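Here the structure comes first, spelled out in structure tokens, and everything after it is commentary.
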Amino acid sequence: MALSFCGNDKGINAYSVEEGVLNNGCFVDALNLVPHVFLLFITFPILFIGWGSQSSKVQIHHNTWLHFPGHNLRWILTFSLLFVHICEFAEGIMSNRMMDTDHLHLYMPAFMGFVAATTSVVYYHNIETSNFPKLLLVLFIYWVLAFITKSIKLWKYAEYNVGPQHLRFCITALLVILYGLLMAVEVNVIRVRKYVFFANPQKVKPPEDLQDLGVRFLQPFVNLLSKATYWWMNPLIIGAHKRPIELKKIGKLPIAMRALTNYLRLKDAYEDQRTAEDPDLSPSIWRSMYRAFGRPILLSSFFRCLADVLGFAGPLCISGIVKYLKVDDNVATTDQLQETYFGVHFMSSTKLLQNTSVLAVLLFLALILQRTFLQTSYYVTIETGINLRGALLAMIYNKILRLSTSNMSMGEMTLGQINNLVAIETNQLMWFLFLCPNLWAMPVQIVMGVILLYCLLGWSAVVGASVIVLLAPIQYLIATKLADTQKSTLEHSTERLKRTTEILKGIKLLKLYAWENIFCDSVEDTRGKELTSLKTFALYTSMSIFMNAAIPIAAVLVTFVMHHFLNETGPSPSEAFAALALFHILVTPLFLLSTVVRFAVKALVSVQKLGEFLQSDEIGDDSWRNGDMSVSLEGGKKHLGAVSLNDNTSTAHLITFSTFSVCVGQLTMIVGQVGCGKSSLLLAMLGEMQTIEGRVCWSKTCGSYLVSFASVFHGAPSKNRNFVAYAAQKSWLLNATVEDNITFGSPFNKQRYKAVIDACSLQPDIDLLPFGDQTEIGERGINLSGGQRQRICVARALYQNTNIVFLDDPFSALDIHLSDHLMQEGILKFLQDDKRTVVLVTHKLQYLIHADWIIAMKDGSVLREGTLKDIQTHDVELYDHWKTLMNRQDQELEKVMCWRYLSSGGYLMVFLMVSSNLLKHSVIVAIDYWLALWTSSKTNQSVSSPGNNDSYYLPVFIILCAAGIFLCLFTSLSVEFLGLSAATNLHHNLLNKIIHAPIRFFDITPLGQILNRFSADTNIIDQHIPPTLESLTRSTLLCLSAIGVISSITPAFLVALVPLAVAFYFIQKYFRVASKDLQDLDDSTQLPLLCHFSETAEGLTTIRAFRHEARFRQRMLELTDTNNTAYLFLSAANRWLEVRTDYLGAVIVLTVAGASIWSLRYGLPCCGLVGLGLTYALTVTNYLNWVVRNLADLEVQMSAVKKVNSFLSTECENYEGSMDTSQVPENWPQDGEIKIQDLCVRYDPMLKPVLKHVNAYIKPGQKVGICGRTGSGKSSLSLAFFNMVDIFEGKIVIDGIDICKLPLHTLRSRLSIILQDPVLFSGSIRFNLDPEKTCTDDRLWEALEIAQLKNMVKALPGGLDAVVTEGGENFSVGQRQLFCLARAFVRKSSILIMDEATASIDMATENILQKVVMTAFADRTVVTIAHRVHTILTADLVIVMKRGNILEYDKPETLLEQEDGMFASFVKADM
């Protein structure tokens, strides 16, 4: 056939222009080539030589600046133009096939137009990024020329009566419109930028974000193609394979996405709901969220609806391809003649859609568009959800900073509740926002799906669809049950975590008292309840998975059985497989329905909790805290942790303060017995307590009393100072360096810092730390002693440049030398010389002589105030009482992990899971294959015997469907219960390993790290791994079975499979590495954020006292933005993967369709099998990205198993011993004789000894005192008695038995100890005194009476069963210590060790206790480790220790005679 531009048809002169040049169709088509050739001729030199790139006017870090207006519209119009050119090219090729000779003019202009449109967008992109607008004039000329030439063509068509019934007319009209719009866009650029035809071109500046080199998240700034395909992510994802992604690499967020920006949007929407008429109105959080973030959600919903509508193109194209596969392409000559104008064939608009090749290309383009819109919808919702979470976190944090302290102490708002709000509730709302567009998209999908099914199969399809709709309520019921079960699981999980936390915080006490198993059992009990809930959860999850897998099988079964009875002919393959694809589409909204409902329920609960939190009490107006003032308290009453056992709030603890003043520049001391309200008075002054009556006034003139101090006040160098520095009684440290803890955000001043370090005697301690003051100190200062923690907190208060310093019992954890040094150098010299106002709560009455003003308290009220001289004059009795006491003192790889996880679930469960999955997918393939054979046989069957084959095919089809449904149920159950079995075993092993680990493990492993294993990691193992594992096996087997089916039907597909498999391999390879890095970044940035919230809630009083709210708020915003950046990059990486795997899936569909059309010419597959192949190809498109996503997710989730497994290798203490329990006498130790022989002790084989060759003998019933400086080995010796440390040489013999030979439980259960840090557990007072439940009430009351607590406990509701809150926070520190004393008295052991047991008790109480110990333990051995030397002056024997050795060893009287001895120096310092 001759090749000619205008054709060589017989009898027609294609080049004749007798009727006019423009009346020759070939000439008009040639004219249409001119603009395209012009553009290519002009632009190619510019693109290749690179004029534009050399002319950049603005130098910025990113070449992504979109300078020109109408940018997105231009890209949309250009993509539309490309699509129309494809249609024009297809129409030209098909029309050309109807001609006798080749007519190049029918399709060449379309091809050149496609090339020119592609060139235009490449050219535009280069000009835009180079910022050389004058070169855009070329595009303007091109659009004008193309518009004119296409308009001429359209005009000529209209003149020759070619109308909308002809496809070429419609295409030409569309091209005229598109060229016209593009021309208008170009005119608009000229109008705005004035780059040509105007004297003064507009000067432009890049956005602030692009000028910031730190902003690396470029999604809002790149062009539309890069936005849609996430092309800008390529360097990051490919680069991750060479070097791990770090925080520095992902940079900062753009301003519009930062937490502060979104917080202000949400706050404005929240506050705008309050009106002047009703200022106390509770604003709606839902309305606030809609106003702040509604617009992007609506945009996402629009994209989602477009994607869902395009999703139906798949089944329709499959139907068309199978239907027209064997239809003859030739048309009758008569038709050909009727459709001829300008000497060429004109195709009707419907004819094009009857060509299988065209349908294959349309299917491909529809899939590309559908997936692009779908991923765009996902991205917009995820970005909006992340923005919402950032705003909510900022909102919650601001509320925390204003929370009333009484809310915390009264138990109305616990730390756990705040952590739940931050970690769970904000995420629930974020996830609800992710799923929000489904609310609108689901009805569209369902309605359109049912209509199309009816059009294909009639009423039988409606019956099949009704099965899906009727089963929807069951799905809804399962979803609600899942939500309820998850709620109860969460409650049990929270309770388990609370108990585990208490165990870990009090692990030292539990080991010393041999209570590990009791508390371990209590955790196991709670875990049992949690596992019961998890079993129910697993069952409902299995049912949900089963329903989603079984519903399409049931619907297909019902449809074709009904069709068999309603229609004699039966469905054709085209109808059957289009219906099959539609049923698969219909299942998706129903699966999402249950998920959306579940998250909607969670979101409602979260909003309710959030609303309650935002409406909770705040501290009063703090406008008074803004300058140099003295403090005055006018007759007020304050709540102090009222205990409530039911709905009626008990006002048991009320503190009443009479009017008194704290004067500027003076040292005011507050003294009184334990629980009298000293700490509460400080909190009241800080505005941290709920005022019932009266007020706190900070003013420059507090009555005539302050007039005499005016000169002192005015002379204070205070205008540039902050206001209050505060050191709490319970030391609070940041998870940061020692230096950061002391400077606490203030500018670093080397001279001042050195002075503070010296004043607090911290230099020797800093020298011992591995990195000096740059050492990171762990959660709650876990790697520091109590004294070191307290001194760092005092140093923080001293370092701050504030007018007023509040110190709450800073001496309680310090020995006498450190206390004196701190008093003299820190308080009297450093603070008083600087004329700072100091308020000091203390039990050390010997320091009263230094006080300018004394406030004595008793039973929650001020007993007496004045100078020491005033009290001496007016209250002789109190002064004498003090005088007698003044000489005393008071104070924690992937394949291997996956196998370990599976083996934890049991080998039988693994076998059942694998075999059932393989069997299920084999049956599903068999169902579809049988359907293909059945429908194909119907088309080949003669009309005379329509039902012959049905009796053969139908029963087998029913049996296969029934087997498939059963296997779906069995598979879902096997996966979930395998996961449950693994979770049960892993947690049980972890708990037992941790609780029986040596004490050294807890010293070197941060508490937060251990808690993470029990919280986040256990949660992943419990609830996240099983569904991920199920989804991974399902999607992998579906893809493998699909590829197997396609390859067997069209072997030609195998040729294309190789490059597709290579592309897929590299996509998943790069993605998995980047995804793992980004997930790690997300996790690692989330932990500091959660820690910051909990640190703030714990140290709220200190932060507010220092006026550091702004600094902490800024830190929270930085941490939130960092975490959001990691999460946004992770979601963008997920979109990067899904776009590529979706496009790969579309290529697979196109390849399968092309291979099927090509193979059919050689008579290889039947039509039914072609339909089956195409349906499976669509399945691959849906599941390909899930294989990679689930694989990446499982890799990350397996790190939880890895972390748990790393703890399972921890060595346990040797609980057995070499002696059997039966060999130990029941009443051992009876006498209490202790022989220490050449004892050498270390905490770890890698560390130096802390006790070196210690020898001592303690007689039965002897009272022994051990003293020495901090770090001398006193506490190590007390631990050695309980075999808590490594005794590598020597031995301790108690009543004739070497303690190292005893079983640990036996040894520890027979001795008693009282520790320096008081530890109480949540529960009742009875449980805290006697968790073993072996004592009578009389014995418990006796112990409480000895500990001076009987009257206080009797006054509480419930008495012995009164509630003790978490950590004993509803009692003062002193009262907690007294409970610990009572606990030791309950266990009537013949040996009692007291390790700084009276450090937090006032002198009067301590004096009584010392007498009680002497009488109650008169016949028993008592070993007292003391900082306060006066407590051991009456001892029978005193041991003075230094650097792990015994320095002095004798009776106290004898040691006092040695004036130059250490004990004597201690006593002198103590007097």
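Quick caveat: nothing in here was measured; it's all calculated off a predicted structure.
A salt bridge links Asp1286 with Arg1242: at least one charged nitrogen is closer than 4.0 Å to a carboxylate oxygen. At a threshold of 4.0 Å, the pair Glu502-Arg499 does not count as salt-bridged, since none of the basic side-chain nitrogens sits closer than that to a carboxylate oxygen. With respect to the salt-bridge test (charged N to carboxylate O, under 4.0 angstrom), the residues Arg1326 and Asp1361 qualify.
In this structure, the ring of Phe1379 has its center no less than 6.0 angstrom from the ring center of Phe1327.
Side-chain contact, Thr1421 with Gln1262: no donor N or O sits under 3.5 Å from an acceptor N or O. For the residue pair Tyr513/Ser1312, the side-chain donor-acceptor check at 3.5 Å is not satisfied. For the residue pair His996/Asn517, the side-chain donor-acceptor check at 3.5 Å is satisfied. A side-chain donor-acceptor contact under 3.5 Å links His988 and Glu524. Of the N and O atoms on the side chains of Gln1237 and Tyr1257, not one donor lies less than 3.5 Å from an acceptor on the other residue.
Taken to the nearest 0.5 Å, the CD1 atom of Ile1287 stands 4.5 Å off from the CD1 atom of Ile1292. A distance of 12.0 Å separates CG of Asp525 from NE2 of His492, quoted to the nearest 0.5 Å. The line from CG of Asp1450 to CG of Asp1436 is 12.0 Å long, rounded to the nearest 0.5 Å. Distance check: Asp808 CG to Ser731 OG gives 11.5 Å after rounding to the nearest 0.5 Å. If you take CG on Asp1295 and CD1 on Ile1234, they are separated by 8.5 Å, rounding to the nearest 0.5 Å. Between Ile1236 atom CD1 and His1253 atom NE2 the span is 14.5 Å, to the nearest 0.5 Å.
Arg1308 is listed as a side-chain neighbour of Glu516, based on a closest heavy-atom distance under 4.5 Å.
No more than 12 heavy-atom neighbours from other residues, nucleotides or ligands sit within 6.0 angstrom of NZ on Lys1301. Few gaps surround CG on Asp521; more than 12 heavy atoms of other groups in view lie less than 6.0 Å from it.
Although no hydrogens or angles enter the test, the distance criterion places no donor-acceptor pair under 3.5 Å between the side chain of Trp515 and the main chain of Glu1332. The backbone N or O of Leu1447 lies less than 3.5 Å from no partner atom in the side chain of Asn1445, so there is not a single donor-acceptor pair. Judged by distance alone, the side chain of Arg496 and the main-chain N or O of Glu530 form no donor-acceptor pair under 3.5 Å. Panel note: side chain Arg1387, backbone Leu1311; a donor-acceptor pair is recorded below 3.5 Å. Between the side chain of Glu1448 and the backbone N or O of Phe1463, at least one donor-acceptor pair lies under 3.5 Å.
Across Ser1324 and Leu1360, no two heavy atoms sit closer than the pair CB-O, 3.9 Å.
Taking the centre and axis of the six-membered ring of Phe1371, the NZ or CZ atom of Arg1376 falls outside the cone set by 45° and 6.0 Å.
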For this session: Quick one: do Leu1239 and Glu1289 satisfy side chain to side chain contact (heavy atoms under 4.5 Å, CB included)? Show the steps, please.
Result: CA-CA 6 Å; Leu1239 184 69; Glu1289 204 176 309; over 6 Å; no
For this session: Dump the intermediate steps for side chain to side chain contact (heavy atoms under 4.5 Å, CB included) on Cys1267 and Met1441, then the final yes or no.
Result: CA-CA 6 Å; Cys1267 61; Met1441 299 195 70; over 6 Å; no
Exercise. After noting the C-alpha distance and the side-chain angles of Leu991 and Phe1014, does the key distance pass the side chain to side chain contact (heavy atoms under 4.5 Å, CB included) rule?
Worked result: CA-CA 8 Å; Leu991 181 65; Phe1014 285 101; 3.9 Å; yes
For this session: Apply side chain to side chain donor-acceptor pair (under 3.5 Å) to the pair Glu495 and Thr526, showing each step before the final yes or no.
Result: CA-CA 7 Å; Glu495 180 61 28; Thr526 315; 5.3 Å; no
